[in-house]
Amino acid sequence: MLEELLSGLNPKQKEAVTLAPRSALILAGAGSGKTKVLTTRVAWLIQTSQVNPLQILAVTFTNKAAKEMLIRISAMLPINTRGMWVGTFHGLCHRLLRAHYRDAGLTQAFQIMDSQDQLAMIKRLLKALNVDDEKYPARQLQYFINDAKETGLRASQVEAHDDYTRKQTELYAVYEEQCAKEGVVDFSELLLRCFELLSRNELLRAHYRQRFSHILVDEFQDTSRLQYQWLRLLAGDKNSVFAVGDDDQSIYAFRGADVANMQDFIKTFSVEEVIKLEQNYRSHGNILDAANALISHNKNRLSKSLWTSEGSGEPLRVYEAASDMEEADFIVDEVKALRVQGVPLSQAAILYRSNAQSRVLEHALFSAAIPYRVYGGLRFFERQEIKHTLAYLRLIANSDDDAAFLRVVNFPTRGIGNRGLEQLQDLAKERGLSLWKAACLSHLSGRAGTNISAFTNLVESMRETCLDLPLAEAIEHVVEASGLMQHYRSERDGADRVENLNELINAAVTFIGEYEKQKSDDANDSELTAFLSHAALEAGEHQALPGSEALQLMTVHAAKGLEFYSVFLSGLEEGLFPHENSISLQAGESGSLEEERRLMYVAITRARRRLYMSYAQSRMLHGQTRYNVASRFLQEIPEELLKRLQVENREQPATSLTRVDGMATPVSRVIEASVWRIGQNVVHAKFGQGIIINSEGRGCDARVQVNFHNAGPKWLALEYAKLVRV
DNA sequence: TTCCAACTGTTTTTT
DNA sequence: ACAGTTGGAA
């Protein structure tokens, strides 16, 4: 059995799996069997009787990864995985908080707000406090608050050195208070609250430290400061932390991930074993060579180099298109060719830096009748009809939830307008009550008052009915009694929404099935509360599902962790990839460019056999045609690995603006040739060196936009500017 | 309450 | 370009 467990591993992997139970860092390159090592480690620990399943805590970032982990562990072990804590940071913290809600200072029925709810609450507060939302945009305040929490800071602990920050901190404090009043927590709160619970409560801390002697972390490079501190707290100085990650694939710094945790981990946990997994089982050699060459341009890495025992394979195909439309047509042609060669559509993916780029691609695919699937966008539990239903359910579970109250008090419409609500909000504020309590307390004057009472009565009666019903039937009742179903049935384009509501009822059935099966002993919540938490923590699948026979379209971020036979990496242009926001700050912040490069590294390593990289000379962006030059990342890949594709019937003078015209067929229109073409390097007497990035007009009116290395982009009239080509 | 026109902000995203 | 939001008029 033990032999069998280890037989499929290479020496490095085996070494990692069988390490003595001390803290260790596994630097696992892309496609090197990271998850396999982590799950086999768990199985090995249990199989060799070093630990029992109860002592294991395995944590990841996404629900998908957590599920995957559980499946793989179960497949390797004859025992059932119940009692093993495997989940996301948020999921595990949530579990701890439910179990110890009193110690954590929460109400039993506390609810989780998603980002939408959080933003709505902040907007509500800003309005109630008469704060100028021009000066303090809700969105920005939301970032401020989450940022503070992710750093481990309460409003009272934030150091504000200027008026603006002081004001934001003040609003943060009000927000905290409001959350407490309503009995709701946001995502970062789950982590911070849990961290505080464990750091303050010595008994609990001791208990969990005793219990979880083996902590395993996946995608360690993505941990935030707070998550890392949480791990430290839980580990103490006795427990072993088995951290698996890849600093070269850290692409989430923008949302708080801190690669520095890896270096810190080695120091703080006195890690003696850093094992590098560099053998790649995914891609052919040329693809790996390209990835290695590219990423070597980053400084500050824990060096690592991928290799394969397979051959070098095909060269990487590079294509320069005249326009974004033509780029899409090129990809469509190649996809058709792949299909003829027998590559399943689902084994090909188009990756792009930003979602906006999918439009043109979709258009071309649609015209060519190629089935495709786009990942990203609204998830199931984020749809408005679902959120409305959940809001009714939340009111039933916890009537102090103002966000839920406001969302559905007048949906479907029942004659409660702004004046009535304002009255109610004033009253609630005055007495320090939730909207629900305020509504129950007094009979407000006028028609709005009676309508509001009708609403609370409605919810009250729903609550009574639901008490005796199984969850799915309860939801069905709510959907009907609230009038939501009726409303969407009579709406013009409501068919999808009606379907989603039915789907929600199905989801409840499925959920309860799972819940009954793995209900842990410490969970004594009502089914409803559990379902609501589930809905908030697991908004629905965002990443690719296997199976569907369609071409896969997604951002590079969404592609992390996936692999395809053939990958089309599109839009490789300066300003797009690397994104302009990452290029600009040449002084200081070089970190963001390095993150872009890591993103490119992730993109390249998704391909198993064939990689296409394309860029367009012109592209529609924000309603304007932009002229871009090829991404610097292409130049960072050795030319001998590349094969530059040519399209035969498109011969053009290199100095002409012809090619920037957005036509897919050979161009017939002749536009005057100019030496001032996009991409031309120039020198200006005052601004110095730069590159032409845009142009307009002709003759003596002609102007060009030059992006100067030191002075940034400037529009210049050719007649006066005295530009010199270099 | 509903509807339409004007206005805005557009990197990446999980929980 | 375009989707989502807001504010004012009907």
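- Atom NE2 in A:His534 sits about 13 Å away from atom C1' in B:dT15, given to the nearest Å.
- Here B:dT13 presents its P atom at 16 Å from CZ of A:Phe187, a figure rounded to the nearest Å.
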Polar atom pairs (N or O), protein with nucleotides 3-12 of chain B, under 3.5 Å:
from   : atom 1 : to       : atom 2 : distance (Å)
B:dT11 : O4'    : A:His579 : NE2    : 3.3
B:dT11 : O2     : A:Arg353 : NH1    : 2.5
B:dT11 : O2     : A:Arg353 : NH2    : 2.4
B:dT12 : OP1    : A:Asn355 : N      : 2.7
B:dT12 : OP1    : A:Asn355 : ND2    : 3.0
B:dT12 : O4'    : A:Arg353 : NH2    : 3.0
B:dT12 : O2     : A:Arg353 : NH2    : 2.5

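- The side-chain heavy atoms of A:Leu390 and A:Phe381, taken from C-beta on, include a pair separated by under 4.5 Å.
- By the side chain to side chain donor-acceptor pair (under 3.5 Å) test, A:Arg225 is found to be paired with A:Asn261, residues two or more places apart in sequence or in another chain being considered.
- Distance A:Asp114 CG to B:dT13 P: 17 Å, rounded to the nearest Å.
- No donor-acceptor contact under 3.5 Å links the side chain of A:Thr413 to the base of B:dT2.
- Protein atom NZ of A:Lys64 is 14 Å distant from nucleotide atom P of B:dT13, rounded to whole Å.
- Taking atom OH on A:Tyr143 and atom C1' on B:dT14, their separation rounds to 13 Å, with Å as the unit.
- Every residue two or more places apart in sequence or in another chain that forms a ring-ring contact (aromatic ring centres under 6.0 Å, His included) with A:Phe455 is listed here: A:Phe405.
- Residue A:Asn63 is in sugar-phosphate contact alone, with no base atom involved, counting any heavy-atom pair closer than 4.0 Å across all strands shown.
- At the heavy-atom level, A:Asn146 lies nowhere under 4.0 Å from the strands shown.
- Put simply, chain A comes within 4.0 Å of DNA chain C, heavy atom to any atom, from C:dA1 to C:dT6, going 5' to 3'.
- Whole-Å rounding puts the A:Glu491 CD to B:dT1 C1' distance at 15 Å.
- The side chain to side chain donor-acceptor pair (under 3.5 Å) test applied to A:Asn500 returns A:Glu385, not counting sequence neighbours.
- Residues meeting the side chain to side chain donor-acceptor pair (under 3.5 Å) test with A:Asp248, sequence neighbours left out: A:Arg301, A:Lys304.
- The side chain to side chain contact (heavy atoms under 4.5 Å, CB included) search around A:Thr555 returns A:Tyr352, A:Asn355, A:His557, A:Ala558, not counting sequence neighbours.
- Using a 4.0 Å heavy-atom cutoff across all strands shown, A:Ser188 reaches no nucleic acid atom at all.
- Ring-centre distance between A:Tyr488 and A:His388: not below the 6.0 Å cut-off.
- Taking atom P on both nucleotides, C:dG4 is separated from B:dT13 by 16 Å, rounded to a whole Å.
- In this entry the distance linking CZ of A:Phe61 with P of B:dT15 reads 11 Å, nearest Å.
- Applying the ring-ring contact (aromatic ring centres under 6.0 Å, His included) rule to A:Tyr372 yields no partners; only residues at least two apart in sequence or on another chain are considered.
- Considering only residues two or more places apart in sequence or on other chains, A:Glu219 meets the salt bridge (Lys or Arg N to Asp or Glu O under 4.0 Å) condition with A:Lys34, A:Lys560.
- Nearest-nucleotide positions on DNA chain B for A:Glu538 and A:Arg414 put A:Arg414 closer to the 5' end.
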